[in-house]
Amino acid sequence: MTKSLTSLFDCSEDRLKQIVADAVHGADDGELYLESSESEALMFDNGRLKTANYSTDQGFGLRAVAGEAAGYAHASELSEAALLRASDAASAVKTGYSGTLADAPPRTNRHLYGDENPIGAPSFEEKAKLLTEIDAYVRNADQRVRQVTASLAASWQHVEIIRGDGQIVRDIRPLVRMNVSVVVGEGERQESGSYGAGGRKGFGEFVAEGSWKHAADEALRQALVNLKAIPAPAGTFDIVLSSGWPGVMLHEAVGHGLEGDFNRKKTSAFAGLMGQQVAAKGVTVVDDGTISERRGSLTIDDEGTPTNRTVLIDDGKLVGYMQDRQNARLMGVKPTGNGRRESYAHQPMPRMTNTYMTEGPHTPEEIIASVKKGVYAVSFGGGQVDITSGKFVFGCTEAYMIEDGKVTQPIKGAMLIGNGPDAMHRVSMVGNDLKLDNGIGMCGKAGQGVPVGVGQPHLRMNQMTLGGTRV
């Protein structure tokens, strides 16, 4: 049994509860967030172990919420004196304000992942040896391989949240990730490919021989596909998106616009559209933090609210937003368990967990066969989105032309350009092969990064703008 984080302070648990109660008295909400974490990362690059990092961290964040304002103070020193100083700072937001403390979140006995620390097994030496084997395996597979980068990363986070009424909730969160990137070349031309996987569990299944070889094979396959790819055309095309990771476009172009704070402040392209048709019929979008062992899942969010399966768009109609406690209260709705923070040094805000589009009636083969001339986007890399306008740009890391209903030549340099709400109306066919990504997503917002999941079935989107280098 892991020791309670309250035992790390130089005062009693009852004293901690009293300080928290005093800090949030007269506020609308607030909590003491305690965290202890470990992380490890190894990267093998260019034939040698290039980096090996291990770190630990612990601290607290104390928050008092008054209306639209919040007072927040944090420290890495777990002491009564530090907490009292933080209380003085956080309490300042209540000056001249009189509120009633919100009810605590409901409790849950649900456990979506184990509490075993993944950093200890395999050992450091075994991990380094595995990365060496991956490097050798890829280099031996094809003489065109010029560089291999393989990495393993793990973290273990222990969280406790103390509310003003004395309620304490606790969560222990493991997280692992493996990634392989490959650069291949012929003459002066070089192209790359990558593959990653992870989740809230131990390394076991990811370091099994079949798993790491699959990751290496996929990274090499993508690199070799790109090596023979021709420059992407520019223009307007029907686009087919593959299942799984391409859901990152949905996450960025639509998901952020459905977070509560952007809609309360009316800075989202979806603000004021509740109940209206914001996507084509047949499009249903869900944020679900309750899927066992998924990268974006949480037993409780970082305010102590149990996560939920929240329907955001139902058959094309906007029916919900993702909410933390503060924005939910200000908008007169219930929290959805989407209050997340990067660490004790950050305040919570509405964030996605695992966001995906549900299945439709069509097979992937039907969808591809329906396109006379278009593009099949199998994987995406980086992208940019403007939340207010909904405009996005995404780079394809693996894509092909579709001609007369058949997938033909691979293309490189393709950029998908559009507007989130408009793009959702251009969905004309939804596949029956929903797939979540392999567990590699990270989401940034207001300087904070948190692990997330994305997903979707195959989709057809009509007449989307494609940026390329060939007209």
Side-chain angles (χ1 to χ4, degrees), residues 1-9 12-25 27-37 60-65 70 99-116 156-175 200-201 260 286-294 296-311 320-329 331-341 343-344 347-354 450-451:
M1 183 72 176
T2 305
K3 277 201 316 183
S4 171
L5 296 180
T6 60
S7 67
L8 301 178
F9 281 81
S12 69
E13 186 174 285
D14 286 341
R15 176 60 176 151
L16 291 179
K17 290 180 179 179
Q18 185 58 55
I19 295 172
V20 177
D22 292 343
V24 302
H25 179 71
D28 295 319
D29 207 351
E31 72 287 310
L32 175 65
Y33 178 89
L34 307 176
E35 178 189 359
S36 177
S37 64
F60 71 82
L62 180 63
R63 182 177 66 145
V65 181
T100 301
L101 196 65
D103 292 337
R107 304 296 292 260
T108 179
N109 292 320
R110 178 184 64 195
H111 295 283
L112 299 177
Y113 31 78
D115 59 6
E116 185 177 348
W156 185 85
Q157 183 189 39
H158 178 184
V159 167
E160 289 180 12
I161 300 168
I162 304 178
R163 297 193 49 78
D165 61 2
Q167 181 189 97
I168 300 180
V169 292
R170 174 176 181 262
D171 196 19
I172 294 180
R173 303 165 177 171
L175 188 68
R200 291 200 179 277
K201 57 179 77 173
V286 171
D287 183 83
D288 190 351
T290 70
I291 310 172
S292 178
E293 298 184 337
R294 296 299 305 182
S297 295
L298 294 170
T299 298
I300 55 170
D301 72 3
D302 293 324
E303 298 178 303
T305 306
T307 53
N308 284 285
R309 182 184 186 274
T310 304
V311 181
Y321 297 129
M322 292 165 278
Q323 300 284 7
D324 63 353
R325 288 174 61 86
Q326 181 182 22
N327 286 282
R329 185 182 65 259
M331 296 179 74
V333 297
K334 291 183 178 180
T336 58
N338 288 90
R340 304 189 64 187
R341 63 181 103 198
S343 75
Y344 67 86
Q347 292 196 58
M349 65 180 85
R351 304 293 300 270
M352 285 172 273
T353 57
N354 304 297
V450 296

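Every heavy atom of this structure was used, including side-chain atoms; hydrogens, water molecules and symmetry mates were not. Residues take their numbers from the sequence shown, with the count starting at 1.
With contacts defined as side-chain heavy-atom distances shorter than 4.5 Å, the pair Leu298/Arg340 qualifies. Put simply, the side chain of Glu160 reaches to within 4.5 Å of the side chain of Ser4, judged on heavy atoms. Side-chain contact check for Val169 versus Arg107: some heavy-atom pair is nearer than 4.5 Å. Side-chain contact between Pro105 and Arg163: present, with at least one pair of heavy atoms (C-beta onward) separated by less than 4.5 Å. Ile162 places a side-chain heavy atom less than 4.5 Å from the side chain of Lys17.
In this structure, the separation between CD1 on Ile168 and CG on Leu16 is 8.0 Å, given to the nearest 0.5 Å. Atoms NE2 and CG, on His111 and Asp171 in that order, are 9.0 Å from each other to the nearest 0.5 Å. In this structure, Asp324 CG and Met349 CE are separated by 9.0 Å, a value rounded to the nearest 0.5 Å. If you take CZ on Arg170 and NE2 on His158, they are separated by 4.0 Å, rounding to the nearest 0.5 Å. From Phe9, atom CZ reaches atom CZ of Arg15 across 12.0 Å, with rounding to the nearest 0.5 Å. Atom OG1 of Thr6 sits about 14.0 Å away from atom CZ of Phe60, to the nearest 0.5 Å.
A donor-acceptor pair under 3.5 Å links the side-chain atoms of Tyr113 to the main chain of Thr299, judged by distance alone. Checked by atom type and distance alone, the side chain of Arg173 never pairs as donor or acceptor with a backbone atom of Val159 at under 3.5 Å. A side-chain donor-acceptor contact under 3.5 Å links Arg200 to the backbone of Pro174. For the pair Thr290 (side chain) and Arg309 (backbone), a donor-acceptor distance under 3.5 Å is absent. Between the side chain of Trp156 and the backbone N or O of Asp115 there is at least one donor-acceptor pair closer than 3.5 Å. At least one donor-acceptor pair closer than 3.5 Å links the side chain of Asp301 to the backbone N or O of Gly339. Between the side chain of Gln167 and the backbone N or O of Ala104, no donor-acceptor pair lies under 3.5 Å. For Arg294 (side chain) and Asn354 (main-chain N/O), no donor-acceptor pair under 3.5 Å exists by modelled atom type.
Using modelled atom types and a 3.5 Å distance limit, the side chains of Arg110 and Thr307 yield a donor-acceptor pair. Using a 3.5 Å distance cut-off with no hydrogens or angles, the side chains of Asp14 and Gln18 do not pair a donor with an acceptor. Checking Glu35 against Ser343 by side-chain atom types alone, no donor-acceptor pair falls below 3.5 Å.
Scanning all heavy atoms of the two residues, the minimum distance from Ile291 to Ser297 falls at O-OG, 2.5 Å. Contact detail for Thr353 and Gly296: the closest heavy-atom pair is CB-O, 3.2 Å. The two residues Gly260 and Gln323 have their closest heavy-atom pair at CA-OE1, 3.5 Å. Here the closest heavy-atom approach between residue Leu62 and residue Ala23 is recorded as CD2-CB, 4.0 Å. Pairing each heavy atom of Ala328 with each of Pro335, the nearest pair is CB-N, 3.6 Å. Between Gly164 and Ala21, the closest heavy-atom pair is O-CB, 3.5 Å.
Salt bridge status for Glu31 with Arg341: present, with a side-chain N to carboxylate O gap under 4.0 Å.
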Notebook entry, point to check: What's the verdict on side-chain contact (heavy atoms from CB on, under 4.5 Å) for Leu175 and Gln157, showing C-alpha distance, side-chain angles and the deciding distance?
Noted result: CA-CA 8 Å; Leu175 188 68; Gln157 183 189 39; over 6 Å; no
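More than 12 heavy-atom neighbours from other residues, nucleotides or ligands sit within 6.0 angstrom of CD on Glu293.
Residue Asp287 is tested with Asn308, Asn338, Thr310, Thr336 for a side-chain hydrogen bond (donor to acceptor under 3.5 Å, both in side chains); the sole match is Asn338.
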